[in-house]
Protein chains: 2
Amino acid sequence: MQLPVIRHRGYARPVPKPEVAPTVTLQLSVDRSSPVPLYFQLSQQLEAAIEHGELTPGSLLGNEIELAARLGLSRPTVRQAIQSLVDKGLLVRRRGVGTQVVHSQVKRPLELSSLYDDLEAAGQRPATRVLLNTTVAASAEVAAALAVAEGGEVHRIERLRLAHGEPMAYLCNYLPADLLDLDAPQLEATGLYRLMRAAGITLHSARQTIGARTATPDEADRLGEPENAPLLTMQRTTFDDTGRAVEYGTHIYRASRYSFDFQLLVRS
Amino acid sequence: MQLPVIRHRGYARPVPKPEVAPTVTLQLSVDRSSPVPLYFQLSQQLEAAIEHGELTPGSLLGNEIELAARLGLSRPTVRQAIQSLVDKGLLVRRRGVGTQVVHSQVKRPLELSSLYDDLEAAGQRPATRVLLNTTVAASAEVAAALAVAEGGEVHRIERLRLAHGEPMAYLCNYLPADLLDLDAPQLEATGLYRLMRAAGITLHSARQTIGARTATPDEADRLGEPENAPLLTMQRTTFDDTGRAVEYGTHIYRASRYSFDFQLLVRS
DNA sequence: GTCAATGGTTTGTCCGGACAACCGAACCAT
DNA sequence: ATGGTTCGGTTGTCCGGACAAACCATTGAC
């Protein structure tokens, strides 16, 4: 799964030898009667071991062959488990050396999560105030983003997101009219993405633009900011796994109280 | 590689049947004498075919077994090729149905790229003015980010990034002192990441924070913006594959001329 | 002492096969 | 018409094996 990259080992200082902690033997087991795939059982146990510090950063995982033998699995299965953790950025493989645990810092790799989930995970009790929930004719901008006819019917939702009773963001979203029904109580209880997923929509990818500008008087008022306060802006179009645009949103955030915080992995 | 996710198929409108274009037969071939892995040759050909529109969005790829037979490859190899494109978001697999091309819109999934490369790819001829390139004692903030001793030696680089002769961003970066040598001509000719990669450093992941605030008089002056203009801010710590922090940067961008634009994939 | 050759270890790639799980369509019975 | 069943097709999972490529440490030659 690694791209065949040519490694320039140029005119630089010698790469410091990464300290390798000793190989760790770990309590692992799989349940063959479970419907959960074996590779998945294994990868979860390994991930948990890393999470709990039983596998310390830098430690070697022990070679795949022996690990497979110890668990009564085949090497491809073990490799599949390891590979999934490599993709998550938790492990690094080196041919001729072994597989070692990355020196953490890794938290989570920028998921397509709603602001609601983010706030909830951060322990802020989020709240939503639905300001508008209706169908409107699609403007040119919205029609282009959702790939529907200009002037066609689309849902429009306007929400104010609060944390600890304080306004955090003003969210304006558009959805294809025939996608699903939403009412205010649902929207106040959880995030939009969770509702869409619960409706059987498989979210696949999204295109985002993050920028900044100063608040208009209206916006400043709604968010409780002084006039001309700096705002973070985000526009996002989300696609399901058939490639259909299922949501377009324009959000503004109080820069004084919110910032985007995420982790990137380098796809070698 | 798919997570065993329970599919809620709830109280929603019936999911519109995705239009499936007819299965496409494609001109594919692999070169067994090449050192390039077979699965990689195949995935590149498929990706190119998608890029060039020979595989149209929604079209089925034809079953793996037959595809493998047609190419003289084994099914695992074909699966590996397909999987890499699924991971890139170009293909979607459905058990019992087949593999189909995602209705594009997919461009690139937020890589760890330098601003320099981004501008260059966008056709803006970027330029860099090195304002500072020296070693300093690490402040508490920098020491924490790079995991070095406070007061220890670190490189400090300050650069002004221009596009079409106009200032775009002001970049301040810190690197461990023993990592590599950089001189101004190198820094003006290309981006920092490219230099690090060329020095044999394997970039692995990065932690980013994007926010906004108003410019100080100094900053406004440097960037050619009016006082109190909104700025986009980014802080980033980059790690190599041993988990070592190899770069910490604090960047500010003119919000009037720059925004972050990227694509996210949902990790099933 | 320094450099090149050697060998052992580990992951990377590839093969061929087997069965299970799932989807959709066609079919049949109600 | 409606609903359930069956069946063919496709991907998902798993196995066991084989060889190649890369890395590291040791050995040997100069």
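Chain letters run A, B, ... following the sequence lines, proteins first, then strands; residues in each count from 1.
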Whole-Å distance separating the [atom1] atom of [X] from the [atom2] atom of [N]:
X: B/Gln80; N: C/dC15; atom1: CD; atom2: C1'; answer: 12 Å
X: B/Glu64; N: D/dC14; atom1: CD; atom2: C1'; answer: 15 Å
X: A/Ile65; N: C/dG8; atom1: CD1; atom2: P; answer: 17 Å
X: B/Gln100; N: C/dG24; atom1: CD; atom2: C1'; answer: 13 Å
X: B/Leu60; N: D/dG9; atom1: CG; atom2: C1'; answer: 12 Å
X: A/Gln83; N: C/dG12; atom1: CD; atom2: P; answer: 7 Å
X: B/Glu66; N: D/dG8; atom1: CD; atom2: C1'; answer: 16 Å
X: A/Leu91; N: C/dT10; atom1: CG; atom2: P; answer: 17 Å

Legend entry - Position toward the 5' end of DNA chain D (nearest nucleotide), B/Ile82 or A/Val78: B/Ile82
Legend entry - 5'-most by nearest nucleotide on DNA chain D - A/Ser74 or A/Gly96: A/Ser74
Can you tell me if [X] touches the phosphate of [N], counting only side-chain N or O atoms and a distance under 4.0 Å to OP1 or OP2?
X: A/Thr99; N: C/dT11; value: yes
X: B/Arg94; N: D/dT10; value: no
X: A/Thr77; N: D/dC15; value: yes
X: B/Arg93; N: D/dG12; value: yes
X: A/Tyr39; N: D/dT13; value: yes
X: A/Arg32; N: D/dC15; value: yes

Inset, instruction - Check whether any side-chain N or O of A/Ser43 sits under 3.5 Å from a backbone N or O of A/Phe40 as a donor-acceptor pair, and report yes or no. - result: yes
Legend entry - Any donor-acceptor pair under 3.5 Å from A/Asp240 side chain to A/Ala245 backbone: no
Inset, instruction - May I ask you to decide whether B/Arg93 forms a salt bridge with B/Glu64, counting only side-chain N to carboxylate O separations under 4.0 Å? - result: yes
Inset, instruction - Taking only Lys NZ, Arg NE, NH1 and NH2, and the carboxylate oxygens of Asp or Glu, determine whether B/Asp261 and A/Arg236 approach each other closer than 4.0 Å. - result: no
Inset, instruction - Might you confirm whether atom CD of B/Gln44 has over 12 heavy atoms from other residues, nucleotides or ligands at distances under 6.0 Å? - result: yes
Find every protein N or O atom lying less than 3.5 Å from an N or O atom of nucleotides 18-20 of chain C, and list the pairs.
from   : atom 1 : to      : atom 2 : distance (Å)
C/dA18 : N6     : B/Arg75 : NH2    : 3.3

Inset, instruction - I would like to know whether B/Tyr193 and B/Thr238 meet side-chain hydrogen bond (donor to acceptor under 3.5 Å, both in side chains); could you show each step before the answer? - result: CA-CA 10 Å; B/Tyr193 281 0; B/Thr238 310; 2.8 Å; yes
From the options [options], select the nucleotide whose nearest atom is closest to the side chain of [X].
X: B/Val97; options: D/dC15, C/dC23, D/dT13; value: C/dC23
X: B/Pro37; options: C/dT13, C/dC23, D/dT13; value: C/dT13
X: A/Arg79; options: C/dC15, D/dT11, C/dT11; value: C/dT11

Inset, instruction - Assess the side chains of B/Arg207 and B/Gln235: does a donor N or O sit below 3.5 Å from an acceptor N or O? - result: no
Inset, instruction - Under the side chain to side chain donor-acceptor pair (under 3.5 Å) rule, collect the residues that match up with B/Asp31, sequence neighbours excluded. - result: B/Ser33
